[in-house]
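Heads up, the thing below is written out as structure tokens.
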Amino acid sequence: MRVITVMARPALALIALGLSAAAATADPIADFYQGKTMRVIIGYGAGGGYDIYGRLAAEFLGKYIPGHPTVIPQNMPGAGSFKAIEYLLGGAATQDGTFLGSVAQTMAMDAVTDEKSKTDVTKLKYLGRLVNNTDVAYAMPQSGLKTFEDLRKREVIAGASGGGSTSVVYPLALNAYAGTKMKLVRGYEGTAEIQLALERGEVEVNPAVSLPGLLVSHPTWFKNNEVVVLYQNALKRDPILPNVLTMPELATTDEGRTILRVIAGTTEIGRSIVTTPGVPAERLAALRKAFHDMVADPAFLAACEKRNLQIAYATGEEMDSINAETMKLPKATVDALAKLLKE
């Protein structure tokens, strides 16, 4: 019995050591995500910039998340992406880090200017930004529009989605502060549907389209001057469009420049990916690390270059900070923006 006891002690010690090593190397993040299916909820219809970059994240991100979950995109258009935002905030989306979103870069501005809204969009946490976004307005040659000045000379019909989407905000802001005469026809699901309306002659202007998205969907438009670019929404001109004025440059008053600069500032959010409230801190950190690892991977960047997709990474923390600052805009600025959205 003594011999057996002496031999058993080393064996038990080895077993205990093995269990300790297994515990030390266990990854609770990988354990959680392994076998899971994640969703990227895209707040607009197919074909636009939010859709292109949302699907990009869905295609690649799972490779970098511990446990390698399956990630699938799901379009949920409506109310300038607020249908998707509300779904992520408190709808059927599970609040555990398995639901992500590609939603309006203007969501904080939209929320702060809506007196009836109790939506706290700062609860949505960003994983990171794929690309900052310059939006452009364009017309087809058959419209007869040649320059921005034509928008000041006569009533021009612009296609728009709904809610506080950029396709609504930009024309209304330019009507108020830059002397344009754009008339909105609302109800389109997204930029791709507005493009079809342009081709059918239902509208004359697509007032807010992602430049990075257009470079993917219509790469020859700018090289061959196949469309007339009327303005761009950005704090500074994009190198691709050095002769096209930004919205703040088009303002006719100091107040207008202030408002249009606030609107242009939303381009810093661009095409970013959010997740739901309530995600445990360590899981959020893992998702942000996975996002960073993805955009730093030469293989991912090579795939984007092949697809003509621009990447300009920024951290989730930076995007959270921009959202928080927007929610604290001065009352006078908020009131002026809210007035636009009531028209």
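Being a predicted model, the structure only gives us computed values, none of them experimental.
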(request) Step by step, work out the side-chain contact (heavy atoms from CB on, under 4.5 Å) result for Val112 and Val121. (result) CA-CA 9 Å; Val112 78; Val121 296; over 6 Å; no

(request) Report yes or no: do Tyr138 and Glu226 form a side-chain donor-acceptor pair below 3.5 Å? (result) no

(request) Could you tell me whether Arg288 and Asp320 have a side-chain N and a carboxylate O separated by less than 4.0 Å? (result) yes

(request) Go through the steps to decide whether His292 and Tyr313 satisfy the test ring pair (Phe, Tyr, Trp, His ring centres under 6.0 Å), and finish with yes or no. (result) CA-CA 8 Å; His292 172 269; Tyr313 169 71; 5.5 Å; yes

(message) Among Asp335, Thr106, Val334, Leu340, exactly one meets side chain to side chain contact (heavy atoms under 4.5 Å, CB included) together with Thr113. Which residue is that?
(response) Val334

(request) Verify the neighbour count for atom NZ of Lys289: are there more than 12 heavy atoms of other residues, nucleotides or ligands below 6.0 Å? (result) no

(message) Please give me the minimum heavy-atom distance between Ile263 and Met109, naming the atom from each residue.
(response) CG1-SD, 4.0 Å

(request) Report yes if the side chains of Phe222 and Leu241 come closer than 4.5 Å at any heavy-atom pair, otherwise no. (result) yes

(message) Given Pro171, which partner from the list Leu184, Leu151, Thr180 fulfils the side chain to side chain contact (heavy atoms under 4.5 Å, CB included) test?
(response) Leu184

(request) May I ask you to establish whether Arg257 and Tyr177 are in a cation-pi arrangement, using a distance under 6.0 Å from NZ or CZ to the six-membered ring centre and at most 45° from the ring axis? (result) no

(message) Quick one, Leu88 and Leu124 - any side-chain contact, counting heavy atoms below 4.5 Å?
(response) yes

(message) Just by distance, no angles: are the side chains of Ser161 and Glu189 close enough, under 3.5 Å, to form a donor-acceptor pair?
(response) no

(message) Side chains of Leu260 and Asn233, heavy atoms from C-beta outward: is any pair under 4.5 Å?
(response) no

(message) Regarding Asp96 and Arg283, does a basic nitrogen lie under 4.0 Å from an acidic carboxylate oxygen?
(response) no

(request) Please determine if Arg154 and Asp150 form a salt bridge, counting it only when a charged side-chain N lies under 4.0 Å from a carboxylate O. (result) no

(request) Indicate yes or no: at least one non-hydrogen side-chain atom of Met38 is less than 4.5 angstrom from one of Thr70. (result) no

(message) Counting neighbours of CZ on Arg261 that are heavy atoms of other residues, nucleotides or ligands and sit closer than 6.0 Å, is the number greater than 12?
(response) no

(request) Report yes or no: is the cationic atom of Lys36 (NZ for Lys, CZ for Arg) under 6.0 Å from the centre of the six-membered ring of Phe32, at an angle within 45° of the ring normal? (result) yes

